[in-house]
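One structure is given here, and the rest of the page talks about it.
The first residue of the sequence shown is numbered 1, and numbering continues consecutively from there. Hydrogens, waters and symmetry mates play no part in the numbers below; they use all other heavy atoms, side chains included.
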Amino acid sequence: MKRACIIHDQVNLLLLPILGGLTIAGLTGHVAAELVTHLFLGYVLLDMAWVLVIPDAVPSLPGVILLHHFVTACLLCIPLRYPHLHRYTCIDGLVELNTFFLIARRQWKPLRKFFSLAYWGSFVPMRLVVYPALIPIFLSEMRAARAGWWDTLICVGAQVILTCFNIMLLALSLMNRSKRRSEASAADGKGAAAAGKLASGGRLRPDDAAYAAVKAAPDGSAEGSAVRLRARAV
């Protein structure tokens, strides 16, 4: 992973729990929801500028991230015109806790299993239930406020786009999960083959197909067993 991405992740690992906590505090009345909107808008604009200047700050698809941030900023401007909608910033903003779990499992490898469970456990209710459920609610709220068609389009349209983004994120997450499992299965196969060869008295050469997998073998894996066998064989 590139250094720019690691730095960006580390900053977000610090900021996202704070933003997530603010959304909860806003919903419970301990913090003014209007303050949460302003802080969220500032965060989104700063992060958008960061990714715009340094695209490598994100693992992939910087253009999609920039579009997401732009749409989010447009949506956050709606409560500034219709103050009674500030509480919806707190509801939508809860999703940043899920984003925290996503980044944490990427950066904190020893706790990857825990954060994967937290990520998937919060993904469905936050991204696939709350976000689409808010679409008709936003439409109803804008109609009740007698908002102009342009404001209504921005509010409802932005929520629709963000919901589509969540569906895309689901597809990408499932694809990456399948890819990791396939790679792990292939690596285990190479490690097992190498272990069998070494156990029967053979020696691995640098041009063997399993050699690279064995060299990078973690403890407890088939490759790791092969490494230990090789050490004894030498």
Side-chain angles (χ1 to χ4, degrees), residues 5-51 57-59 61-62 64-80 83-135 137-138 155 158-159 161-170 172-173 176:
C5 184
I6 294 175
I7 294 174
H8 184 259
D9 278 0
Q10 294 297 333
V11 171
N12 276 286
L13 286 173
L14 174 65
L15 294 180
L16 291 179
I18 297 175
L19 290 174
L22 283 171
T23 61
I24 296 174
L27 288 172
T28 57
H30 291 86
V31 171
E34 181 178 0
L35 175 62
V36 178
T37 297
H38 283 88
L39 291 175
F40 247 101
L41 182 58
Y43 163 77
V44 169
L45 292 176
L46 286 174
D47 198 58
M48 184 166 62
W50 190 344
V51 177
V58 292
L61 305 175
V64 175
I65 300 300
L66 287 172
L67 175 61
H68 170 272
H69 283 19
F70 174 76
V71 172
T72 301
C74 290
L75 181 59
L76 286 169
C77 288
I78 295 298
L80 301 181
H84 68 287
L85 300 180
H86 280 300
R87 68 181 183 277
Y88 291 111
T89 297
C90 300
I91 298 175
D92 260 352
L94 287 171
V95 78
E96 297 305 334
L97 294 173
N98 179 257
T99 305
F100 168 78
F101 297 143
L102 171 65
I103 298 174
R105 73 172 187 171
R106 183 167 67 223
Q107 292 296 334
W108 297 337
K109 300 296 185 183
L111 298 174
R112 181 178 179 85
K113 185 174 182 180
F114 169 78
F115 283 116
S116 287
L117 291 174
Y119 172 71
W120 288 109
S122 58
F123 189 102
V124 173
M126 289 184 178
R127 295 186 181 272
L128 302 182
V129 175
V130 173
Y131 265 62
L134 285 176
I135 295 173
I137 293 176
F138 282 0
C155 181
Q159 190 68 16
I161 293 173
L162 293 177
T163 300
C164 292
F165 172 84
N166 290 340
I167 295 172
M168 184 187 74
L169 181 58
L170 173 63
L172 291 174
S173 295
N176 288 335

- Item | Qualifying salt bridge (Lys or Arg N to Asp or Glu O under 4.0 Å) pairs, either residue in residues 95-116, two or more places apart | D9-R106
- Task: Could you grab the distance from atom CD1 of I24 to atom CG of L97, nearest 0.5 Å is fine?
- Result: 5.5 Å
- Query: Only one of V71, L66, I65 forms a side-chain contact (heavy atoms from CB on, under 4.5 Å) with H69, so which one is it?
  - Reply: I65
- Message: For R127 and T99, which I'm curious about, is there any donor-acceptor pair between the side chains at under 3.5 Å?
- Response: yes
- Note on the structure: Output for pair (L75 CG, I161 CD1), nearest 0.5 Å, gives 10.0 Å
- Message: Could you report the tightest heavy-atom contact between T89 and P79, atom names first, then the distance?
- Response: OG1-CG, 3.8 Å
- Message: Please check this pair: side chain of H38 against backbone of E34, looking for a donor-acceptor N/O pair closer than 3.5 Å.
- Response: yes
- Message: Check the orientation of F115 and W108. Use parallel for under 30°, tilted for 30 to 60°, and perpendicular for over 60°.
- Response: tilted
- Check against side chain to side chain contact (heavy atoms under 4.5 Å, CB included), L45 and L41: CA-CA 6 Å; L45 292 176; L41 182 58; 4.1 Å; yes
- Task: Nearest 0.5 Å please: distance from the NE2 atom of H8 over to the CG atom of D47.
- Result: 3.5 Å
- Query: Counting only heavy atoms not in F70, do more than 12 fall under 6.0 Å of its CZ?
  - Reply: no
- Task: Search all heavy atoms of G26 against all heavy atoms of V36 and return the closest pair with its distance.
- Result: CA-CG2, 4.4 Å
- Item | Evaluation steps, side chain to side chain contact (heavy atoms under 4.5 Å, CB included), between D92 and Y131 | CA-CA 7 Å; D92 260 352; Y131 265 62; 3.4 Å; yes
- Looking at F101 and A118, what are the two nearest heavy atoms and their distance? CD1-O, 3.5 Å
- Does I18 have any side chain to side chain contact (heavy atoms under 4.5 Å, CB included) partners at least two apart in sequence or in another chain, and if so, which? L22
- So, for F123 and Y119, is the gap between ring centers shorter than 6.0 Å? yes
- Here the gap from L134 atom CG to Q159 atom CD, rounded to the nearest 0.5 Å, amounts to 5.0 Å
- Interatomic distance, CG@L15 vs CG@L39, rounded to 0.5 Å, equals 11.0 Å
- Message: Would you say that V130 contacts L94 through its side chain, given a criterion of any heavy-atom pair below 4.5 Å between the two side chains?
- Response: no
- Query: If you measure from CG on L16 to OH on Y43, what distance do you get to the nearest 0.5 Å?
  - Reply: 4.5 Å
- Query: Which pair of heavy atoms, one from P132 and one from T163, lies closest together, and at what distance?
  - Reply: N-OG1, 3.7 Å
- Task: Could you tell me how the ring of F165 sits relative to the ring of H68: parallel (under 30°), tilted (30 to 60°) or perpendicular (over 60°)?
- Result: tilted
- Query: What are the two closest non-hydrogen atoms of I78 and C155, and how far apart are they?
  - Reply: CG1-CB, 4.0 Å
- Task: Apply side chain to side chain contact (heavy atoms under 4.5 Å, CB included) to T23 and F40, showing your working.
- Result: CA-CA 9 Å; T23 61; F40 247 101; 3.4 Å; yes
- Message: Show the nearest heavy-atom pair for residues C5 and V58, with the distance to one decimal.
- Response: SG-C, 3.9 Å
- Message: Pair W120, L170 - check side chain to side chain contact (heavy atoms under 4.5 Å, CB included), show working.
- Response: CA-CA 10 Å; W120 288 109; L170 173 63; 3.6 Å; yes
